[in-house]
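Residue numbers begin at 1 in each chain, while the letters A, B, ... track the order of the sequences.
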There are 2 protein chains.
Amino acid sequence: MTISEVSQKYGITTDTLRYYERIGLIPPVPRRKNGIRDYDEKACNWVSLVKCMRSAGVQIEPLIEYVALVQADKGMERRKNILLEQRAKLLAQAEQLRTTIELLNYKIEHYEEWLPKNK
Amino acid sequence: MTISEVSQKYGITTDTLRYYERIGLIPPVPRRKNGIRDYDEKACNWVSLVKCMRSAGVQIEPLIEYVALVQADKGMERRKNILLEQRAKLLAQAEQLRTTIELLNYKIEHYEEWLPKNK
DNA sequence: GTATCAGATTAAGTTTACTTTAAGTCAATG
DNA sequence: CATTGACTTAAAGTAAACTTAATCTGATAC
């Protein structure tokens with residue numbers, strides 16, 4: 001799979017895909033002889049994982065550490081801890097989101113009452 | 001209320017409070033004769049609102065527009081739309097968060113199974 | 001009365017996460 | 001066989017949201 005196909009499939013620009021690889025957010029992608037990237041299933045799965053994490057707002061730094069540990073096939077405890085830490089953050093974020101959505105619901109209702117009367 | 005009291009109350013640095021005011025994210029705060037800010041209840045409520053929105057990830061730009069409209073006491077329709085737009089974004093974000101938390105749950109479980117056996 | 005400390009302003013600097021630019025390679029098409 | 005278009009790298013640039021630095025003012029502590 002070429003980089004532009006992967007780009008299309010996951011909605012990530014080719015620039016960003018190369019950037020992710022360069023900084024170690026995804027492991028090195030297999031290449032053809034001429035140096036052109038040829039994403040296999042494993043590489044795609046990494047892209048998919050990173051896309052999921054990033055669009056939830058997981059930071060790049062901890063992900064880089066995680067990816068490096070998986071590559072080196074070590075640090076199982078540490079890897080689990082990274083996942084636990086990130087999940088904790090996302091849970092807190094979800095809670096904050098809930099609160100703010102409630103507030104917005106309340107405010108929007110207020111406008112709903114007000115607008116028909118005065119318009 | 002002084003700026004440092006407000007800072008403590010909401011967990012926002014004084015620098016950030018001044019920054020927010022400067023860019024119009026909160027309306028001008030009342031001052032004492034010597035120019036020192038004296039937050040009244042209204043000002044505090046703005047801080048509280050902005051804190052809530054910002055910690056949920058609502059962008060500054062739309063909030064500035066919203067605050068300006070409220071200040072000018074106009075654009076009710078537009079104001080409501082801003083709130084609707086932001087709520088829609090937060091709902092989408094909440095959904096993405098849910099997906100990613102699920103994925104993390106799954107992965108963490110996997111480590112939970114694996115670790116006791118091999119450690 | 002002078003030192004220190006909260007508060008003020010303006011402008012420049014920082015961080016995170018990309019994005020764009022510059023410059024080059026290579027395969028295929030007209 | 002030149003040109004088009006996708007691919008490559010390295011380095012510089014950008015956007016959003018603060019943060020820090022430099023400098024100043026005025027009130028209270030010793």
Side-chain angles (χ1 to χ4, degrees), chain A residues 1-26 28-40 43 46-47 49-67 82 85-86 89-90 93 96 100, chain B residues 1-40 43-44 46-47 49-67 82 85-86 89-90 93 96 100:
Chain A
M1 225 180 178
T2 70
I3 195 168
S4 49
E5 283 164 348
V6 175
S7 166
Q8 290 240 283
K9 183 169 178 187
Y10 295 102
I12 304 177
T13 70
T14 58
D15 290 313
T16 300
L17 285 168
R18 280 187 281 254
Y19 164 70
Y20 281 172
E21 186 180 349
R22 184 158 52 75
I23 64 173
L25 191 54
I26 54 178
V29 172
R31 309 289 187 114
R32 295 207 229 123
K33 264 134 222 151
N34 52 14
I36 289 182
R37 288 173 182 79
D38 187 10
Y39 290 74
D40 57 11
W46 277 114
V47 172
L49 174 67
V50 164
K51 198 219 157 118
C52 182
M53 296 292 175
R54 284 297 302 134
S55 48
V58 175
Q59 291 205 332
I60 281 182
E61 268 305 330
L63 287 180
I64 288 178
E65 189 189 350
Y66 178 80
V67 173
I82 293 172
E85 283 164 23
Q86 298 313 312
K89 281 193 192 182
L90 295 193
Q93 179 65 12
Q96 178 62 55
T100 307
Chain B
M1 230 183 172
T2 70
I3 195 169
S4 48
E5 283 166 345
V6 176
S7 167
Q8 291 241 283
K9 183 168 179 185
Y10 295 102
I12 304 176
T13 69
T14 57
D15 289 314
T16 301
L17 284 168
R18 280 187 282 253
Y19 165 69
Y20 280 173
E21 186 179 346
R22 183 158 52 76
I23 64 173
L25 190 55
I26 54 178
V29 173
R31 309 289 185 116
R32 295 207 230 123
K33 265 134 222 150
N34 52 16
I36 289 183
R37 287 171 181 81
D38 187 9
Y39 290 76
D40 57 11
C44 283
W46 277 114
V47 172
L49 175 67
V50 164
K51 200 223 156 119
C52 182
M53 295 293 175
R54 284 297 300 132
S55 47
V58 175
Q59 291 205 334
I60 280 182
E61 268 305 330
L63 287 180
I64 287 177
E65 189 188 351
Y66 178 81
V67 172
I82 293 172
E85 283 165 23
Q86 298 314 311
K89 282 194 191 180
L90 295 193
Q93 179 65 11
Q96 178 61 55
T100 308

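Of the inter-residue distances, the one linking Asp38(B) atom CG with Ile3(B) atom CD1 reads 11.5 Å to the nearest 0.5 angstrom. Distance CD/Gln59(A) to CD1/Ile64(A): 10.5 Å, rounded to 0.5 Å.
Atom C1' of nucleotide dT16(C) and atom CD of Glu61(A) are separated by 10 Å, given to the nearest angstrom. As rounded to whole Å, 10 Å separates atom C1' of dA27(D) from atom CZ of Arg32(B). The separation between Leu17(A) atom CG and dC18(C) atom P is 11 Å, rounded to whole Å. In this structure, Arg22(A) places its CZ atom 8 Å from P of dA10(D), rounding to the nearest Å. Atom CD1 of Ile12(B) and atom P of dC18(D) are 9 Å apart (whole Å). Atom CD in Glu21(A) sits about 17 Å away from atom C1' in dA17(C), given to the nearest Å. Rounded to an integer number of Å, the gap from Ile26(A) CD1 to dC18(C) C1' is 14 Å. dC18(C) atom C1' lies 9 Å from atom CD1 of Ile23(A), rounded to whole Å.
The closest side-chain donor-acceptor pair between Ser4(A) and Ser7(A), if any, does not fall under 3.5 angstrom.
Toward the 5' end of DNA chain C, the nearer of the two residues Asn34(A) and Tyr20(A), judged by each one's closest nucleotide, is Tyr20(A). Comparing Arg54(B) and Ile36(A) by the nucleotide of DNA chain D that holds the closest heavy atom to each, the one mapping nearer the 5' end is Ile36(A). Nearest-nucleotide mapping onto DNA chain D: of Gln59(B) and Asp15(B), the residue sitting toward the 5' end is Gln59(B).
Looking at Arg54(B) and Glu61(B), no side-chain N of the basic residue comes within less than 4.0 Å of a carboxylate O on the acidic one, giving no salt bridge.
Regarding contacts with the backbone of dT19(C), a side-chain N or O of Thr16(A) is found under 4.0 angstrom from either OP1 or OP2. Distances shown here put a side-chain N or O of Thr2(A) below 4.0 Å from the OP1 or OP2 atom of dC7(D). Distances shorter than 4.0 Å separate none of the side-chain N or O atoms of Arg31(A) from OP1 or OP2 on dT25(C). The shortest distance between the side-chain N/O atoms of Tyr19(A) and the OP1/OP2 oxygens of dT9(D) is not below 4.0 Å. For the OP1/OP2 pair of dT8(D) and a distance below 4.0 Å, the side-chain nitrogens and oxygens of Arg37(A) include at least one atom meeting the criterion. Note on Arg18(A): a side-chain N or O is less than 4.0 Å away from OP1 or OP2 of dT8(D).
Residue Ser4(A) is in sugar-phosphate contact alone, with no base atom involved, counting any heavy-atom pair closer than 4.0 Å across all strands shown. Looking at heavy-atom distances under 4.0 Å, Ile3(A) makes contact with sugar-phosphate atoms alone, never a base.
In this structure, the side chain of Glu5(B) engages the main chain of Thr2(B) through a donor-acceptor pair within 3.5 Å.
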